[in-house]
Number of protein chains: 2
Amino acid sequence: MSLASERAKPGASSKPTLYKRIRLDIETRILTGEWPPGHRIPFEHQLMARYRCSRMTVNKALSELAQADLIERRRRAGSFVRRPQHLSAVLKIADMRAEITALGRSYGYQLIDCRRRTATAADRARLGVSTAGKVIAIACRHSADNVPFAVEDRLIDLSTVPEAATADFAREPPGSWLLHHVPWTEAEHTISAVVADDRTAKALGIAVGAPCLVIDRYTWRSARTVTAVRLHYPGETHRLVARFKGG
Amino acid sequence: MSLASERAKPGASSKPTLYKRIRLDIETRILTGEWPPGHRIPFEHQLMARYRCSRMTVNKALSELAQADLIERRRRAGSFVRRPQHLSAVLKIADMRAEITALGRSYGYQLIDCRRRTATAADRARLGVSTAGKVIAIACRHSADNVPFAVEDRLIDLSTVPEAATADFAREPPGSWLLHHVPWTEAEHTISAVVADDRTAKALGIAVGAPCLVIDRYTWRSARTVTAVRLHYPGETHRLVARFKGG
DNA sequence: CACGATTATATGTCTAGACATATAAGTCAA
DNA sequence: TTGACTTATATGTCTAGACATATAATCGTG
């Protein structure tokens, strides 16, 4: 078989494209430990020869591996397998309805309290803003199969999201509304554990002193605060699962 | 100024390269909401004209945006702004020493118990394996500035990581050792809240009944279980922070 | 030996083409 | 109207070059 016929031919018998094959080959060597951290990956021109392709093709494969933090590329020196620095887990927090229906349970929602007001000093501190604009303060509860699932305590900055003034939070949970109306977000989550106080225990239908998982989420839209929300979950029954992956 | 002189010139006055500028331009339009979810991004040949560059250059910019899930690309149809599906937070769990020293505190480590044994039924259930190989069971404590920071209860499957038999876990925490000796991992984290029982309270120096954040982590290496670990943090003082990003 | 200048080289970016391929849209017959 | 066929088109991948740029290595010099 000639070199020419052995080569590329994108959609012949090999399903994946060439650059994907190169990427997978290298990835596999790294993941199996055949190429340990610090190992120098063959130079681009060596890979060109091995796979009989142009430099752009191997470059694309290597660039993607670098983007995924699997390798590090240094000019003049070459590309090297990175040592895993930390386990990073991706915590996917869908909106509450999606989270509950994904568990195969029926979703229930109750608005406990919703008021519109000029931001108090406490509100401003919580939202991290200095000017006293209007805010919406919401307390509500999510349930799964009619059992309390989480209580939510939220503040929305109306100067960032004026449209929220017209939303009907008795019908639609504020989390869902925001997810579908605020085009993009940056967020910070803080997870901690507390014991249920009187008010929380009552809302969740658990004993005072029972453990609760607390998630505080702050959401921004290009440097403007959108919302601050605190969620209380019954700690012994609820679990946050973060799957995947070494890096 | 002629078209030619206006063009590219990679390292002239513009610091970022052209494809990065294109990517940033589009990203900005999406993040500010100027191009809302569903909006069709100009076709590649239109972007070629706008930026006076070759198709490969705009393709690289668009490919990266697609990889980041900011846009969706469909053959024949074009590229479209994706609607945010869920908030996903990246939880970076470095090894304990790195986590504590990053806070500017001094790291301390004490091995409480370490024993090698043939896997019991409970061990096998916890590791999710069926055969009864050897395991190492470790209990230890991490402290920051001499204050208990977390207690760790770990099982290592020696049939997956035989090298662990020779590690000195009195000197090096098992998490660090594994991170540096097991080339790659997949993991699942489960986060929950409990109240401290007698043993945990004593180890952490907190009151019985105080809230604790619990992280269970299962780690695999290409379908083989590596380790199962349960970490207890004092819940009122410790916080897990997950930063970033809409998607 | 220490240190600054020079050189070689691997990666970073880019071009102007090419063909492959999925699919939206149009065409035509039943 | 509907379903099957054809066509146009935007993206997906690839090539064989090019110049830019950071930097490891080398070489000279004090």
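What you see is a predicted model, and the numbers here were worked out from it, not measured in a lab.
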**cation_pi(A:Arg40, A:Phe43) dist<6.0 Å, angle<=45** = yes

**Prompt:** In Å, rounded to the nearest 0.5 Å, how long is the span from CD of B:Glu44 to CG of B:Asn59?
**Reply:** 4.5 Å

**Message:** Output the rounded distance in Å from CZ (B:Arg40) to P (C:dT23).
**Reply:** 17 Å

**Asked** Do the side-chain N and O atoms of B:Thr227 and B:Arg154 include a donor-acceptor pair separated by under 3.5 angstrom?
**Response** yes

**Atom-to-atom span, CG of A:Leu18 to P of D:dT15 - whole angstrom** = 7 Å

**Item:** Interatomic distance, B:Met48 CE vs C:dA16 C1' [rounded to whole Å]
**Value:** 8 Å

**Request:** Please state whether the phosphate of D:dT15, meaning OP1 or OP2, lies under 4.0 angstrom from any side-chain nitrogen or oxygen of A:Thr57.
**Result:** yes

**Message:** For the aromatic rings, using the six-membered ring if either is Trp, is the centroid distance between A:His142 and A:Phe149 under 6.0 Å?
**Reply:** no

**Request:** Establish, yes or no, whether the cationic atom of A:Arg97 lies under 6.0 Å from the six-membered ring centre of A:Tyr109 and within 45° of the ring axis.
**Result:** no

**Prompt:** Does one side chain, of A:Asp25 or A:Tyr51, offer a donor that lies under 3.5 Å from an acceptor on the other?
**Reply:** yes

Which atoms of nucleotides 6-12 of chain D (N or O only) lie under 3.5 Å from a protein N or O atom, and what are those distances?
from, atom 1, to, atom 2, distance (Å)
D:dA8, N3, B:Arg76, NH1, 2.8
D:dT11, OP2, B:Glu44, N, 3.1
D:dG12, OP2, B:Arg73, NH1, 2.4
D:dG12, O4', B:Arg75, NH2, 3.1
D:dG12, N7, B:Arg55, NH2, 2.6
D:dG12, O6, B:Arg55, NH1, 3.1

